Amino acid sequence: MNIEQALQTTLEESTRYHTFEKLSEILTPQIIEQGFQQAGIATVRKRRLPLEAVLWSVIGMAMFRKESVWNIANKLDIMLPGKNQLVAPSAMVQARQRLGDESVKQVFNKSAESMYEQQAFETWSGLNLLAVDGVVWRTADTPDNRKAFTSGSNQYGETGFPQIRMVCHMELTSHQLISSEFDNYKTNEMKLAERLIERTPDNSLTMFDKGYYSLGLLNRWHQSGKERNWLIPARPDLQYEIISSVGKNDHIIELKTTMHAQKNFPDVPKTINARLISKTIKGKSYHILTSMTDRLRFPGSEIVELYCHRWEIELGYREIKQTMLDSSYHLRSKRPDMVRQELWGVLLAYNLIRRIMTMAASKAGGIWANQLSFSSCSMAVIQYFSSVSIMSPGNIPMHWEHLLNTLSLFKLPIRREDRKYPRCIKPKPSKYPHKKKNASQLN
């Protein structure tokens with residue numbers, strides 16, 4: 001029995017539970033059921049906190065960052081009616097353990113896939129613009145978390161909190177996440193990026209940071225589907241042979257793969273053809289390597305400037321960490337499985353907010369979802385979720401339309417191209433003690 005059927009049986013007793021009526025338009029019960037089936041879990045008997053309701057409380061942990069899990073469950077009115085109006089805190093702990101982390105992961109994957117298929121995004125030369133990059137999360141410093149996730153280390157041993165290394169695949173015009181993989185801190189980002197290949201959509205252009213340069217990875221990315229192109233800055237020491245040229249700044253080149261790449265990627269050929277494009281912008285020379293070798297379809301003059309959109313994924317990470325999670329120092333869960341569950345809930349909550357913003361941008365017309373203020377839109381969406389339960393059920397569609405119209409008003413000003421934020425390099429700390437000099441030594 002899904003959550004809508006369960007709520008229908010208690011409709012005569014209470015009309016407070018229409019929150020799910022509008023939430024289900026964003027994350028349908030069918031997607032939740034498919035995710036649960038994929039994870040191999042199901043609600044065995046009727047509980048006051050069915051798994052579908054517990055899932056929403058995990059999502060609420062990201063939206064209501066300053067609230068406890070117990071308060072979130074009561075705030076969202078996700079419990080079925082019972083003798084007591086409020087659910088016990090211990091019941092929420094047990095419910096989260098019953099839900100597990102694999103089920104939330106599968107719901108995220110199913111919902112991300114559904115959102116991408118249903119939405120028509122802005123394209124360039126018929127390709128959806130995507131990006132891949134990594135991010136690190138801190139967890140609570142418990143023995144179990146430290147054993148499961150590890151942390152940074154130096155010659156003196158482990159330092160800092162246990163951390164999780166994550167790699168995400170994002171659609172850049174909407175900031176919606178397509179897929180994500182994470183593991184312990186010492187896992188290489190290249191290995192995590194390999195796990196994203198299967199879920200990469202066709203007819204897309206994925207932009208990488210220069211740290212992801214691997215001919216084996218890039219070749220498999222391009223060959224695993226239809227029109228799965230890639231774009232990456234060229235290394236200064238790149239070795240290649242020119243096959244053909246159009247002017248001085250547009251070359252079709254041949255790259256030789258190394259023995260190490262052939263060992264890790266048995267499907268990679270000995271040589272790969274790619275396109276190398278150079279352009280000087282404001283006195284600085286940029287070199288871009290890409291799989292888009294068709295010069296007629298993909299103008300070289302636009303490709304270099306197109307790479308600046310890769311920064312959108314960095315802005316997306318800032319929206320999650322600083323805005324949605326209120327710059328929290330670490331995740332709140334104490335156990336590794338609950339940490340993973342919470343983290344999948346964070347990504348799911350972010351996607352839901354971004355989905356609503358995309359709907360508002362499409363309804364308004366003429367703007368992209370990434371041109372809307374995430375901080376303002378997220379506050380409006382969270383306020384809607386927390387207040388919709390006290391509204392009259394008949395007025396919910398009207399309030400929903402008002403929400404979409406309101407979000408379209410939070411348009412950001414045009415970004416200034418002359419703004420610069422140079423990165424500050426911290427000096428490497430010395431392993432020797434520093435002694436203050438006295439006055440006689442200064443002469």
Side-chain angles (χ1 to χ4, degrees), residues 3-4 7 15-32 55-56 59-60 62-65 72 75-78 107-108 110-123 128-129 170-178 312 315-316 318-320 323-324 345-415:
I3 189 63
E4 288 185 335
L7 292 177
T15 60
R16 296 188 302 127
Y17 304 98
H18 287 270
T19 306
F20 280 95
E21 184 175 319
K22 191 48 62 179
L23 294 178
S24 63
E25 291 190 7
I26 313 165
L27 184 60
T28 64
Q30 290 76 17
I31 291 178
I32 296 177
L55 174 67
W56 283 110
I59 296 174
M63 293 185 175
F64 303 97
R65 190 60 184 174
I72 291 170
K75 181 186 290 288
L76 292 179
D77 285 334
I78 63 174
V107 172
F108 168 79
K110 295 292 183 181
S111 63
E113 180 182 358
S114 176
M115 291 178 185
Y116 185 86
E117 293 176 350
Q118 294 176 5
Q119 185 66 37
F121 301 102
E122 298 291 336
T123 62
N128 286 333
L129 301 180
M170 177 182 287
E171 201 284 326
L172 299 181
T173 64
S174 66
H175 288 195
Q176 291 187 31
L177 299 175
I178 299 174
E312 295 293 332
L315 299 179
R318 184 184 68 178
E319 292 166 352
I320 298 175
T323 304
M324 194 173 74
V346 167
L347 301 183
L348 192 51
Y350 177 74
N351 254 13
L352 294 180
I353 295 176
R354 271 294 170 185
R355 171 60 174 164
I356 299 175
M357 293 175 63
T358 304
M359 296 169 62
S362 300
K363 188 175 184 297
I367 57 176
W368 294 0
N370 64 359
Q371 295 176 311
L372 299 178
S373 170
F374 180 81
S375 58
S376 299
C377 290
S378 61
M379 285 190 294
V381 171
I382 293 173
Q383 179 64 29
Y384 174 82
F385 285 167
S386 61
S387 61
V388 69
S389 60
I390 63 175
M391 299 175 184
S392 173
N395 293 331
I396 286 182
M398 178 184 66
H399 290 290
W400 179 253
E401 291 297 320
H402 177 71
L403 174 64
L404 296 182
N405 293 332
T406 301
L407 298 189
S408 63
L409 301 177
F410 299 137
K411 184 178 179 181
L412 296 169
I414 298 176
R415 296 175 184 173

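Keep in mind the model is a prediction, meaning the values are calculated, not measured.
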Can you tell me if Q176 and T358 form a side-chain donor-acceptor pair at under 3.5 Å? yes
Y116 meets the ring pair (Phe, Tyr, Trp, His ring centres under 6.0 Å) criterion, sequence neighbours left out, with F121
How many angstroms lie between atom OG of S408 and atom CE of M359, to the nearest 0.5 angstrom? 12.5 Å
Test side-chain contact (heavy atoms from CB on, under 4.5 Å) on I32 and W56; report intermediate values, then the result. CA-CA 10 Å; I32 296 177; W56 283 110; 4.2 Å; yes
For the CE atom of M357 and the OG atom of S174, what is their distance to the nearest 0.5 Å? 9.5 Å
Atom OH in Y384, atom CG in L403: separation rounded to 0.5 Å? 7.0 Å
Please report the closest heavy-atom contact between M115 and L352, naming both atoms and the distance. CE-CD2, 3.5 Å
Rounded to the nearest 0.5 Å, what's the gap from NE2 on H175 to CE on M170? Could you check? 6.0 Å
Does the T323 side chain pair with the main chain of I320, one donor and one acceptor, at a distance under 3.5 Å? no
Heavy-atom closest pair (A349 atom, A62 atom, distance to 0.1 Å) is CB-CB, 3.7 Å
List the steps, then state whether side-chain contact (heavy atoms from CB on, under 4.5 Å) holds for I353 with M63. CA-CA 9 Å; I353 295 176; M63 293 185 175; 4.1 Å; yes
Give me the atom names and distance for the closest heavy-atom approach of E171 to E122. OE2-O, 4.2 Å
Enter the distance from R65:CZ to I382:CD1 here, rounded to the nearest 0.5 Å. 12.0 Å
Sorted by chain and residue number, the salt bridge (Lys or Arg N to Asp or Glu O under 4.0 Å) partners of K363 (sequence neighbours excluded) come out as E401
Candidates K110, E117, Q118 - the one meeting side-chain contact (heavy atoms from CB on, under 4.5 Å) with S114: Q118
Pair listing, salt bridge (charged side-chain N to carboxylate O under 4.0 Å, His left out) test, anchored in residues 364-382, at least two apart: none
On a heavy-atom basis, which atom in G316 and which in Y350 lie closest, and how many Å separate them? CA-OH, 3.6 Å
Can you tell me how far apart CD1 (I367) and OG (S362) are? Round to the nearest 0.5 Å. 9.0 Å
Please name the pair of heavy atoms, one in L412 and one in N370, separated by the smallest distance, quoted to 0.1 Å. CD1-O, 4.4 Å
Should F374 and L315 be marked as a side-chain contact (heavy atoms from CB on, under 4.5 Å) after you check the CA-CA gap, both sets of side-chain angles, and the distance that decides it? CA-CA 10 Å; F374 180 81; L315 299 179; over 6 Å; no
For L372 and L407 the tightest heavy-atom approach is CD2-O, 3.6 Å
Trace of the side-chain contact (heavy atoms from CB on, under 4.5 Å) decision for R355 with N351: CA-CA 6 Å; R355 171 60 174 164; N351 254 13; over 6 Å; no
